[in-house]
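Predicted model only: the values in this text are computed from it and were never measured. Excluded from the calculations below are hydrogen atoms, water molecules and symmetry mates; all remaining heavy atoms, backbone and side chain alike, are included.
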Amino acid sequence: MKFVDEATIIVEAGNGGNGCLSFRREKYVPKGGPDGGDGGDGGSVYLEASDSLNTLVDYQFQRKHKAPGGEQGSGRNCTGTKGEDLILPVPVGTTVVDVDTHEVLGDLTRVGQRLKVAQGGFHGLGNTRFKSSINRAPRQTSKGSEGELRNLRLELKVLADVGLLGLPNAGKSTFIRSVSAATPKVADYPFTTLVPNLGVVSVQAHQSFVIADIPGLIEGAAEGAGLGVRFLRHLVRTRLLLHLVDVAPYDGSSPAHAVNVIAHELEKFSETLASRDRWLVLNKVDMVPEEDREAHCQAIVDELGWQGPVFRISALSGEGTKPLTQAVMRWIEERAEEEAENPEVAEQEAARRRRMDEEARAGVEEERRARRAAREAADDDDFDDDDYDVEVVYVKD
């Protein structure tokens, strides 16, 4: 199934039913009266988080969704039937944004969580409602109100505790295969990973965390090079970033330069995300002779001036992966306890995520503008004044 992490849809709630104008007519009842019933309320539109979906591809093909309206009231004080609510399933981790106001309407992060995105119209009143001591035969009714219409953008961001960063072929997919049951594609060419992959890492009984592998970045990704930076928004919900680097690249390039390239692209995308806790993971140490391994790895750390935690692993053989996952588990538990004990820390984390969301949207939009400008420039380069000016007219038979 195609992975789609963004979709724009139109949702329209149902209109309320109109009130009825009716009078009681019975053979043996000499004095009748108004008996027009109210209309029914229109159906509302809800989004519901479902664990059976992992992509928004369905909403690329069907963009407009409308709930049924309420029925009109009828005589004998009969109320019109209420329109059924429309419930649209979306993947867990979907953020809902109003396109027109740029307001974030909600974040669906739990299975079964619902969010009302369009309010159904309210019912109209029948003429019975207008009866009074001075108006015994009212002929007034009211119409049902219109249902709410909204343009929405759905943004899917995977739910993970840890995110992986690195250039293509840094070994991210091999690492997630090594420490979890996930089976992303692994090959010896760049951009093997085209969509985010999730894996659950079980450290021991009742201790596990979720790790996310996103497509690799290259220099100039923020301007649309390679697969761009749009997949970086899937790291917004993570608590910790693991930066994997190949210590023995086949092309002889500098591992320290590879780290700086990713750090630079990360800062251009979101300064808040770049300030997240980030650990350096030196991968493929088994490609360096054992007697030179320590000196080689230390040289990379010294060149970077790295002050944070450093781990040396081989994702392929599994060397060093267990101490790394255990350290990650301890770090996650400590942060969770800190937030539970101190509400201010939890609020600061929530505010940080909101900033990352805003910066991520701006970063994705900037990349789109860069890609659009590149396409337009390519089209201009192909233009030739000497070409014949031909106009093609399509006629429908």
Side-chain angles (χ1 to χ4, degrees), residues 3-13 44-51 53-60 63-67 85-120 147-161 163 196 210 212 214 222 228-239 241 266 268-276 339 343-369:
F3 180 81
V4 177
D5 58 2
E6 184 173 304
T8 303
I9 63 174
I10 301 172
V11 293
E12 183 177 359
S44 299
V45 181
Y46 291 84
L47 298 181
E48 182 178 43
S50 170
D51 57 356
L53 298 176
N54 57 13
T55 176
L56 296 169
V57 65
D58 293 338
Y59 296 104
Q60 274 203 328
R63 295 185 179 273
K64 187 165 185 179
H65 305 268
K66 183 175 181 179
D85 293 332
L86 178 61
I87 301 174
L88 303 175
V90 295
V92 178
T94 299
T95 301
V96 186
V97 182
D98 190 307
V99 173
D100 301 317
T101 64
H102 304 290
E103 177 189 2
V104 178
L105 302 181
D107 219 0
L108 300 171
T109 58
R110 301 187 311 275
V111 175
Q113 182 181 355
R114 282 190 182 183
L115 175 68
K116 183 189 289 186
V117 292
Q119 172 65 52
E148 198 172 9
L149 175 68
R150 264 182 166 162
N151 297 314
L152 303 178
R153 183 171 65 251
L154 308 181
E155 300 174 352
L156 174 60
K157 294 184 279 291
V158 298
L159 297 175
D161 303 297
V210 180
I214 67 166
V229 294
R230 70 185 184 93
F231 289 112
L232 276 176
R233 68 171 161 210
H234 292 279
L235 301 182
V236 167
R237 301 183 194 274
T238 59
R239 293 172 172 266
L241 300 177
L266 193 61
K268 287 197 291 184
F269 178 77
S270 169
E271 292 184 358
T272 309
L273 181 59
S275 67
R276 272 289 195 202
E339 290 183 15
E344 291 185 3
V345 175
E347 178 55 36
Q348 290 172 0
E349 175 64 20
R352 189 179 297 113
R353 292 193 179 189
R354 287 193 293 269
R355 287 198 302 272
M356 284 191 290
D357 270 330
E358 294 171 0
E359 292 171 358
R361 291 190 190 96
V364 171
E365 187 58 36
E366 181 62 31
E367 182 203 333
R368 285 179 180 149
R369 284 195 290 267

> Is a donor on one side and an acceptor on the other found under 3.5 Å between the side chain of Arg237 and the backbone of Lys157?
Replying inline: yes
>> Looking at every heavy atom in both Val236 and Arg276, which two are closest together, and how far apart are they?
In response: O-NH2, 4.2 Å
> So, does Gln113 use its side chain to make a donor-acceptor pair with the main chain of Thr109 at under 3.5 Å?
Replying inline: yes
> Got a salt bridge between Arg355 and Glu358, using NZ or NE/NH1/NH2 to carboxylate O under 4.0 Å?
Replying inline: no
>> To the closest 0.5 Å, what do you measure between CD1 (Ile9) and CD (Gln60)?
In response: 12.0 Å
> Considering only heavy atoms from C-beta outward, does the side chain of Thr272 approach that of Arg352 to under 4.5 Å?
Replying inline: yes
> When rounded to the nearest 0.5 angstrom, what is the spacing between CG in Leu105 and NZ in Lys116?
Replying inline: 13.0 Å
> Between Arg361 and Glu365, does a salt bridge (Lys or Arg N to Asp or Glu O under 4.0 Å) hold up when you go through it step by step?
Replying inline: CA-CA 6 Å; Arg361 291 190 190 96; Glu365 187 58 36; over 6 Å; no
>> Counting neighbours of CZ on Arg110 that are heavy atoms of other residues, nucleotides or ligands and sit closer than 6.0 Å, is the number greater than 12?
In response: no
>> Could you check whether any side-chain N or O of Arg233 sits under 3.5 Å from a backbone N or O of Glu155, counting only pairs where one atom can act as donor and the other as acceptor?
In response: no
> Looking at Leu154 and Leu56, what are the two nearest heavy atoms and their distance?
Replying inline: O-CD1, 3.6 Å
> With Glu339, which residues qualify under salt bridge (charged side-chain N to carboxylate O under 4.0 Å, His left out), at least two apart?
Replying inline: Arg239
>> If you compare all heavy atoms of Leu266 against all heavy atoms of Ala274, which two are closest, and at what distance to 0.1 Å?
In response: CD2-CA, 3.7 Å
> For Glu359 and Glu271, which heavy atoms make the closest approach, and how far apart are they?
Replying inline: OE1-N, 3.4 Å
> Can you name the closest pair of heavy atoms from Leu88 and Tyr59 and give their distance?
Replying inline: CB-OH, 3.4 Å
> So, the side chain of Glu148 versus the backbone of Gln119: is there a donor-acceptor pair under 3.5 Å, distance only?
Replying inline: yes
>> What's the separation between atom CD in Glu6 and atom OG1 in Thr95, rounded to the nearest 0.5 Å?
In response: 10.5 Å
>> List the residues meeting side chain to side chain contact (heavy atoms under 4.5 Å, CB included) with Arg63, not counting sequence neighbours, and say none if there are none.
In response: Thr8
>> Rounded at 0.5 Å granularity, tell me how far CG in Asn151 sits from CD in Glu12.
In response: 10.5 Å
> Nearest 0.5 Å, what's the CG-NE2 distance between Leu152 and His65?
Replying inline: 9.5 Å
> Looking at CE of Met356 and OG1 of Thr238, how far apart are the two atoms once the value is rounded to the nearest 0.5 Å?
Replying inline: 6.5 Å
>> Please evaluate residues Thr94 and Leu47 with respect to the criterion side chain to side chain contact (heavy atoms under 4.5 Å, CB included), reporting the C-alpha separation (whole Å), side-chain torsions for both, the decisive distance (0.1 Å), and the verdict.
In response: CA-CA 10 Å; Thr94 299; Leu47 298 181; 5.7 Å; no
> Quick one: salt bridge (Lys or Arg N to Asp or Glu O under 4.0 Å) pairs with a partner in residues 93-105, sequence neighbours left out?
Replying inline: Asp98-Arg150
>> I'd like to know if the side chain of Asp5 and the backbone of Leu156 have a donor-acceptor N/O pair within less than 3.5 Å.
In response: no
>> Please find the pair of heavy atoms, one from Leu53 and one from Pro91, that lie closest to each other, and give the distance.
In response: O-CB, 3.6 Å
> Okay, side chain of Ser44, backbone of Gly120: is any donor-acceptor separation there less than 3.5 Å?
Replying inline: yes
